[in-house]
Amino acid sequence: MTTEEFKSRLWPYTRKLYPMMKRILGSEEETRDALQELMLRLWNRKEALEECLNPDAYIFTAARNYCFDQKKRERRSPVTLTGEVPVQVAGGSFDPDAAEKLKHVRLIMGSLPENYREVLEMREIDGLSFEEIAELTGNEVPYIRVLLSRSRMKLRNELEKIYSYERGTGQTA
Amino acid sequence: MKEERDRLLEKYYRGETTQEEERLLREACLAEADASPEKAFFTWVAGESALPEGLESAVFEKVDASARKKRVRVLIYSVTSVAATLALMITLYAGNLARLEKEQEFRMIEQTLVHVSETLQPAPAEPDMLVLWVDNDVEIIVN
């Protein structure tokens with residue numbers, strides 16, 4: 001396998017791995033470094049990767065394990081979604097109303113039970129299939145569908161409550 | 001359009017949508033002018049899943065460096081092998097040449113010595129012989 005073949009094969013994974021690894025590691029710089037290191041490890045084990053029957057699970061598991069090992073080594077406290085993280089608004093200009101809405105989503109995401117949040121993030125942000133989520137979480141696909149359904153509804157209901165409150169207090173949602 | 005969006009939303013909240021349907025739903029919700037929980041959530045998702053600029057080249061930097069290093073290593077090994085082979089061949093050739101030269105020198109010295117020896121001590125002359133009788137059966141010679 002040449003480097004170009006390796007890159008074209010692994011790049012689609014990288015698009016999914018980046019958000020997932022960033023959630024674990026916290027910073028963009030650390031995520032970039034971790035991805036570089038992970039790709040190097042996979043490159044060094046490219047023969048095993050070619051022979052692997054389930055490369056998706058192999059790659060995602062390797063990425064998660066690497067990130068958790070990294071966190072353990074650094075002995076840092078995990079980044080929580082409820083923390084004050086600067087909100088980026090699409091288009092580059094700062095819209096306080098949009099930023100407020102994103103902050104609500106972030107807070108609600110942070111308040112979801114861990115298994116709800118994990119499945120929701122994997123599906124919505126990382127773009128993983130049900131089978132890939134099943135591989136990573138060890139749950140069956142029907143159960144994942146249930147978790148996803150519940151987490152989506154919970155999120156919507158919580159957001160609705162905020163919007164109703166804002167409408168009730170005269171603020172435009 | 002709205003019916004399709006509502007139908008997809010129902011499926012979405014039941015956890016039954018495919019990834020393609022979810023993509024269509026995201027596009028539809030984000031294009032809406034009015035605020036909605038879905039629009040807020042999908043806006044947040046878009047921000048969270050956005051990749052930084054130049055990620056592709058950065059991510060494979062170490063892979064490229066490793067492959068480059070390996071190529072250089074292979075090149076060094078090849079050049080070293082060729083150089084070693086050449087050096088060995090030259091050494092063998094030079095050794096052989098020296099051996100041939102020595103043999104040639106030895107032969108010349110030997111010939112010179114034979115010549116000197118013959119000059120100093122000529123070979124004894126053949127003794128005169130007197131042939132008295134020769135036929136098919138008998139030879140009579142007197143030294």
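Here is the naming used below: chain letters follow the sequence lines, and residue numbers restart at 1 for every chain.
- For A/Leu155, the part sitting under 4.5 Å from any heavy atom of chain B is the side chain, from C-beta outward, and nothing else.
- A donor and an acceptor atom, one from each side chain of B/Arg99 and B/Asn96, are located under 3.5 Å apart.
- A salt bridge is defined here as a Lys NZ or Arg NE, NH1 or NH2 lying under 4.0 Å from an Asp or Glu carboxylate O, and B/Glu16 with A/Arg145 fails to meet this definition.
- The residue among A/Leu35, A/Asp33, A/Thr31 with the most heavy atom pairs within less than 4.5 Å of chain B is A/Leu35.
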inquiry  = For a side chain to side chain contact (heavy atoms under 4.5 Å, CB included) check, start with the C-alpha distance between B/Tyr13 and A/Arg156, then their side-chain angles and the critical distance, and finish with the verdict.
reply    = CA-CA 9 Å; B/Tyr13 282 113; A/Arg156 182 187 58 182; 3.3 Å; yes
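- When heavy atoms are compared at a cutoff of 4.5 Å, B/Thr17 approaches chain A by way of both its backbone and its side chain.
- Contact annotation for A/Ile144: neither backbone nor side-chain heavy atoms come within less than 4.5 Å of a heavy atom of chain B.
- Among A/Glu124, A/Glu121, A/Glu132, the one residue that satisfies the salt bridge (charged side-chain N to carboxylate O under 4.0 Å, His left out) test with A/Lys16 is A/Glu132.
- Remark: A/Arg9 does not engage A/Glu5 in a salt bridge, criterion side-chain N to carboxylate O under 4.0 Å.
- In this structure, chain B has no heavy atom under 4.5 Å from any part of A/Arg150.
- Heavy atoms of B/Phe42 lying under 4.5 Å from chain A belong exclusively to its side chain.
- Donor-acceptor pairing under 3.5 Å is lacking for the side chains of B/Arg107 and B/Gln104.
- Both the backbone and the side chain of A/Trp11 come within less than 4.5 Å of a heavy atom in chain B.
- A/Asn44 touches chain B through its side chain: at least one heavy atom from C-beta onward sits under 4.5 Å away, while N, CA, C and O do not.
- A salt bridge does not link A/Arg32 with A/Glu29: every distance from a Lys NZ or Arg NE/NH1/NH2 to an Asp or Glu carboxylate oxygen is 4.0 Å or more.
- Ranked by heavy-atom pairs under 4.5 Å with chain B, the list A/Leu148, A/Leu40, A/Thr2 is led by A/Leu40.
- When heavy atoms are compared at a cutoff of 4.5 Å, A/Ser151 does not approach chain B at all.
- Options A/Met153, A/Lys7, A/Met39 differ in how many heavy-atom pairs under 4.5 Å they form with chain B, and the most are formed by A/Lys7.
- A/Leu120 touches chain B through its side chain: at least one heavy atom from C-beta onward sits under 4.5 Å away, while N, CA, C and O do not.
- Proximity of a side-chain donor or acceptor of A/Lys154 to a complementary backbone N or O of A/Leu112 within less than 3.5 Å is not detected.
- Ranked by heavy-atom pairs under 4.5 Å with chain A, the first of B/Arg26, B/Glu56, B/Glu61, B/Glu22 is B/Glu56.
- Contact check on B/Lys2 versus B/Asp6 returns a salt bridge, with a Lys/Arg side-chain nitrogen under 4.0 Å from an Asp/Glu carboxylate oxygen.
- Neither the backbone nor the side chain of B/Ala46 comes within less than 4.5 Å of any heavy atom of chain A.
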